[in-house]
Amino acid sequence: MTNFTLNGAAVSVDVPDGTSLLHALRGPLGLSGPRYGCGDEKCGSCMVLLDGVPTFACTLGVEAAGGKCVTTSEGLGDMAAPHPLQAAFLAEQAGQCGWCLSGILVSASALLAANPDPSEDEIRVALDPHLCRCGSHNRIIRAVRRAAQEMRA
Amino acid sequence: MSATSSSGFAHTTPVDPNKPKLPGSLNVNRRLSQWLRFSADGTVEVHPGKVEIGQGILTTLGQIAADELDVDFARIRMVAASTPASPDEGVTSGSLSTQDSGTAIRHAAADARRIFLSVTSQRTGVPIESLVVRDGAFIGPQGEVGSYWQLANADLLEVEASPEAKPKAIEARRQVGVSTPRIDLPEKVFGTGRYVHDMRLPGMLHARVIRPVARAATLMATPDAPEGAQVVRDGNFLAVLAPTEWQAEAVAARVTARAMWSVRDTLPEQAQHAEYLREAGARGERTGVLARDDAAPSVARTEKRSFFRPFLAHASIGTSCAVAQWNGDAVTIWSHTQGPYNLRADVSRTLRTTEDKVLIHHMEGAGCYGHNGADDVALEAALIARAVPGTPVRLLWSRAEELGWGPFSSAMLVDVEADVAADGTLVAWRSNIISNGHSGRPGRSPIPTLLAASQLEDAFPVVPSINPPMAGGGGAPRNGIPYYRIPKLDVQTTRLLEMPIRSSALRGLGATLNVWSIESVLDELAEAAGEDPVAYRLRHLEDPRARAVLQKAADMCGWATRTKREGWGLGIAFARYKNTGAYAAIAAEIEAKERVFCRRLWVAGDAGEIVNPDGVVNQFEGGAIHGASVALLEQVTFDRRNITSDNWDGYRVLRFTEVPAVETAMLNHPEAPFLGSGEASMAPTIAAIAAAIHDALGIRPHALPFTPENLA
């Protein structure tokens, strides 16, 4: 049994040791934001925040989350109360297939928490662990800048 | 994403030749109720046969319906395609969805509007000419006299569309041509389950396939399953089933370690891949694509060049997935296929059942850029689920399967000879485009083409992939005919009749090689003639729309006033996709360091009438970045047994720090037909980068990708 805080709520999950955090989140915890892309820390589809730090959920054993705070894209905001990043991604239409967005959103939120006014190059470096195959990169960068501006205002 | 890919010929439903031709896919799916269903609650369902593959098509088609019906966009409910109820629109491919489906929906909506107004007029006595539609309400001189919603249950759409239906005049359009937010994006931004991968059905089991260690392999014995799991085997098709994903993966790893395969070497030597294509081409099927022999000035000089590109992978960020459930002798499959009816045809053939026993429901997957593993995984899910009747089974491919076992875009080689007159004018163009076929899509031949079909105990043979006919854009020779004025042409193509590596449609098909080869030779000829590359193209281009996009791209990048910078280069290229689709001219700026980086792209496009301007820009931008990735990084690698580029280190695609800035301008032609937008920008981007490399380094690339090894 592993206990942690998931998007602000206490949860406990009973899966065998060594089960990835991603499987726990998508399986018994019922989330769909974090996604499988490679299982190899190369694409960022599974990215979540572990105590605020972007972390690949595909290779991390669920027990490593014990006692910590896990944040997924669902934890950033929802349709009724979107996170400024989510609002900015919609305003910029920053996406096509959308597969990469959950991971990118949590990495971008960690970036903005640490650096409220990142340059374009800093955004690119922060998002480099993430692959986007549809070519929405420039829109995504614009959306992060827009969110940063709105969060500073 | 995404965009689409492939070939126009498609639907599996027969057409009655005695009936009048109707616009777009309406011709094959003539009943209005197949497309539109009004509800008394004030909404209208639109049922396209085309599917969302990340390109935003549902939003585009919804705009067309809303505009033509004169209802608010918020009243539109786009319904994902499924068999047997949805219109059969073949495959969502070839940048044809707005043409095929948009044209059909526009006419179906115009006809529905006509019928509803006519019935209202008859019932109320208000002349039809005095009725206007305002957000679905029918307004006469004395006020509202009816609505779509009031007549929703009157079965008015249970008729065939009339060829007389007249869509609105261009100036009356209100929603088409206005950027409209994508209806699918909110769920993707909030992480709500929208993909087939997110389906969770009661009692659902999870499956994984065990792939052989070689393309040609025979399974010697069936490994055991541990307690609580199940092994499913049919010939060389081997899979495991377990209650959870992690158990399925653990069991798959255990079974993989225990499976004994007898294997053979069947793949060519990658180091001599171009030579292999030439040798296999000599045994292949050579056909003429286009010959022309007009009067021309005498030939002063001939240039001969060859261009090569390796196999390319779709490399979608999400892996292929399907859910299948048997109920008696029928199976229901939830799939991110591009063609529900085509998939149904091949699944039923493989299962040796009839099409009515196979139900396909489309659900979205990750970005789709052509014929990827979506159809294969759907059949595999059905095969595995057959072992547990009544129980839903979710099958997910691994990254290694996605990059190693989906269909690839064929490696290609083209030999070109160009004759020029003394003043540098192009006189003749001869080429031979050598490649495997670019379509192995399901549903188009009596022998199923899905991956598992050839692995079963009672196996179907592997048939080498074909090329769609030139009328549908062609496959290997797509864009192989230069769009420039050339009096003498002899374009040929050679299709390989052996297929050691499975090939099918990927964004642009043969255009990714052909456009680059044509544009590269044109640059050389311009240089030899001492002419500016843009001016040289313009004097060989007659189509004013082609000239306009080329000029636009030149203006955007400051072509006329460009200055030379050490280590930097600027190149420009043009193509009209399929020579019948959208126009794109691209300027590329590169920086040559330890390898080549593309820093900026300027994209000028003309996609005819534009429905969702921001959506079209998104497609053109995405296609250009895809092209830059192909130009600089992408190649499938293999040894004599199997694909070796089956992870993201082995198959590199552009990352955020490597992606160029893109500026896009679309030239709108509301009076012109839809031309599609998903594929037009990709091939000319590759060509523009090649030209920029020459500008920076003095080297003309002749093999993709443009890596230091290939440029040396």
Side-chain angles (χ1 to χ4, degrees), chain A residues 15-16 18-20 23-24 26-28 30-40 42-43 45 72-74 76-79 82 85-87 89-91 93-102 105 120-121 123-141, chain B residues 1-3 53-56 179 181-182 184-195 197-198 200 244-247 249-250 314-319 364-369 396 398-399 614-615 618-619 621-626 628-629 647-649 653-657 659-662:
Chain A
V15 292
T19 300
S20 70
H23 279 328
R26 291 192 60 92
L31 296 187
S32 49
R35 300 182 178 116
Y36 170 81
C38 69
D40 197 22
K42 293 286 165 31
C43 76
S45 300
T72 70
S73 59
E74 289 99 329
L76 295 181
D78 57 24
M79 218 84 79
L85 274 162
Q86 290 167 320
F89 272 59
L90 290 173
Q93 290 289 290
Q96 290 189 32
C97 84
W99 191 268
C100 63
L101 294 180
S102 299
L105 283 161
E120 177 173 331
D121 281 349
I123 296 170
R124 287 178 183 263
V125 168
L127 298 185
D128 218 40
H130 297 271
L131 291 177
C132 159
R133 180 57 161 168
C134 298
S136 296
H137 307 76
N138 291 305
R139 287 167 178 261
I140 290 168
I141 292 164
Chain B
M1 155 241 71
S2 76
I53 57 173
Q55 83 284 44
S179 286
R182 296 243 316 236
D184 54 323
L185 206 54
E187 286 185 303
K188 293 169 177 177
V189 163
F190 295 111
T192 319
R194 184 176 177 97
Y195 304 97
H197 309 66
D198 301 323
R200 294 173 178 92
T244 66
E245 289 209 79
W246 61 88
Q247 285 169 294
E249 284 176 8
H314 296 266
S316 184
I317 305 302
T319 61
E364 286 172 45
C368 166
Y369 320 94
L396 178 73
S398 67
R399 174 52 47 195
D614 185 65
N618 208 347
Q619 287 301 293
E621 283 177 2
I625 289 170
H626 194 172
S629 185
N647 59 55
W648 289 122
D649 291 328
V653 301
L654 285 184
R655 287 186 174 274
F656 268 89
T657 51
V659 162
V662 184

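Throughout, protein chains are lettered first and strands after them, A, B, ... in sequence-line order, and every chain is numbered starting at 1.
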I would like to know whether A:Lys42 and B:Asp649 meet salt bridge (charged side-chain N to carboxylate O under 4.0 Å, His left out); could you show each step before the answer? CA-CA 8 Å; A:Lys42 293 286 165 31; B:Asp649 291 328; 2.9 Å; yes
Going through the checks in order, is the salt bridge (charged side-chain N to carboxylate O under 4.0 Å, His left out) test met by A:Arg26 and B:Asp198? CA-CA 8 Å; A:Arg26 291 192 60 92; B:Asp198 301 323; 2.6 Å; yes
Could you check B:Arg655 against A:His137 for side chain to side chain contact (heavy atoms under 4.5 Å, CB included), going step by step and ending with a plain yes or no? CA-CA 9 Å; B:Arg655 287 186 174 274; A:His137 307 76; over 6 Å; no
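You'll find the side chain of A:Leu85 stays beyond 4.5 Å of the side chain of B:Val189, heavy atoms only. Here the side chains of B:Trp246 and A:Ser20 are not in contact, with every heavy-atom distance at 4.5 Å or above. Contact of the B:Lys188 side chain with the A:Phe89 side chain is not registered, since no non-hydrogen atoms from C-beta on lie closer than 4.5 Å. Considering only heavy atoms from C-beta on, A:Leu90 comes within 4.5 Å of B:Pro186 through its side chain. Between A:Asp40 and B:Trp648 the shortest side-chain heavy-atom distance does not fall below 4.5 Å. Using a 4.5 Å heavy-atom cutoff, the side chains of B:Ile317 and A:Ser45 are in contact.
Contact annotation for A:Ala94: only backbone heavy atoms (N, CA, C, O) come within less than 4.5 Å of a heavy atom of chain B. For B:Arg194, no part sits under 4.5 Å from any heavy atom of chain A, backbone or side chain. Heavy-atom distances place the backbone of B:His314, and not its side chain, under 4.5 Å from chain A. Proximity to chain A is absent for every atom of B:Gln247, based on heavy atoms less than 4.5 angstrom apart. Neither the backbone nor the side chain of B:Thr244 comes within contact range of chain A; no heavy atom of the residue lies under 4.5 Å from a heavy atom of that chain. Contact of B:Leu654 with chain A is made through the backbone alone, with heavy-atom distances under 4.5 Å. With a 4.5 angstrom heavy-atom cutoff, B:Ser179 does not touch chain A via any of its atoms.
Across all non-hydrogen atoms, the minimal contact from B:Val659 to A:Arg124 is O-NH1, 2.7 Å. Closest approach of B:Tyr369 and A:Cys134 over heavy atoms only: OH-SG, 3.0 Å. Heavy-atom minimum distance, A:Ser136 versus B:Asn618: OG-OD1, 3.9 Å. When every heavy atom of A:Trp99 is checked against every heavy atom of B:Tyr195, the shortest pair comes out as N-OH, 3.2 Å. In terms of heavy atoms, A:Arg35 sits closest to B:Gly191 at NH2-CA, 4.0 Å. Of all heavy-atom pairs between A:Ser32 and B:Gly193, the closest is OG-N, 3.0 Å.
Atom-to-atom distance recorded for B:Phe190:CZ and A:Gln86:CD is 5.0 Å, nearest 0.5 angstrom. Atom CD of A:Gln96 is separated from atom CZ of B:Arg182 by 6.5 Å, given to the nearest 0.5 angstrom. In this structure, the separation between OG1 on A:Thr19 and CD on B:Glu249 is 10.0 Å, given to the nearest 0.5 Å. To the nearest 0.5 Å, the span separating CZ on B:Phe656 from CD1 on A:Ile140 amounts to 4.0 Å. Of the inter-residue distances, the one linking B:Ile625 atom CD1 with A:Asn138 atom CG reads 5.0 Å to the nearest 0.5 angstrom.
The candidate with the highest count of non-hydrogen atom pairs below 4.5 Å against chain A, out of B:Gly622, B:Gly615, B:Gly365, B:Ala628, is B:Gly622. With respect to chain B, the highest number of heavy-atom pairs below 4.5 Å among A:Pro34, A:Gly33, A:Cys132, A:Gly37 belongs to A:Gly37. Counting heavy-atom pairs closer than 4.5 Å to chain B, the top residue among A:Leu101, A:Ile141, A:Leu127 is A:Leu127. Considering only heavy-atom pairs separated by less than 4.5 Å from chain A, the leading option among B:Asp614, B:Thr192, B:Val662 is B:Asp614. Contacts with chain B were tallied for A:Leu76, A:Val15, A:Thr72; A:Val15 has the most, counting heavy-atom pairs under 4.5 Å. Ranking B:Glu245, B:Arg200, B:Glu621 against chain A, the residue ahead of the rest is B:Arg200, based on heavy-atom pairs under 4.5 Å.
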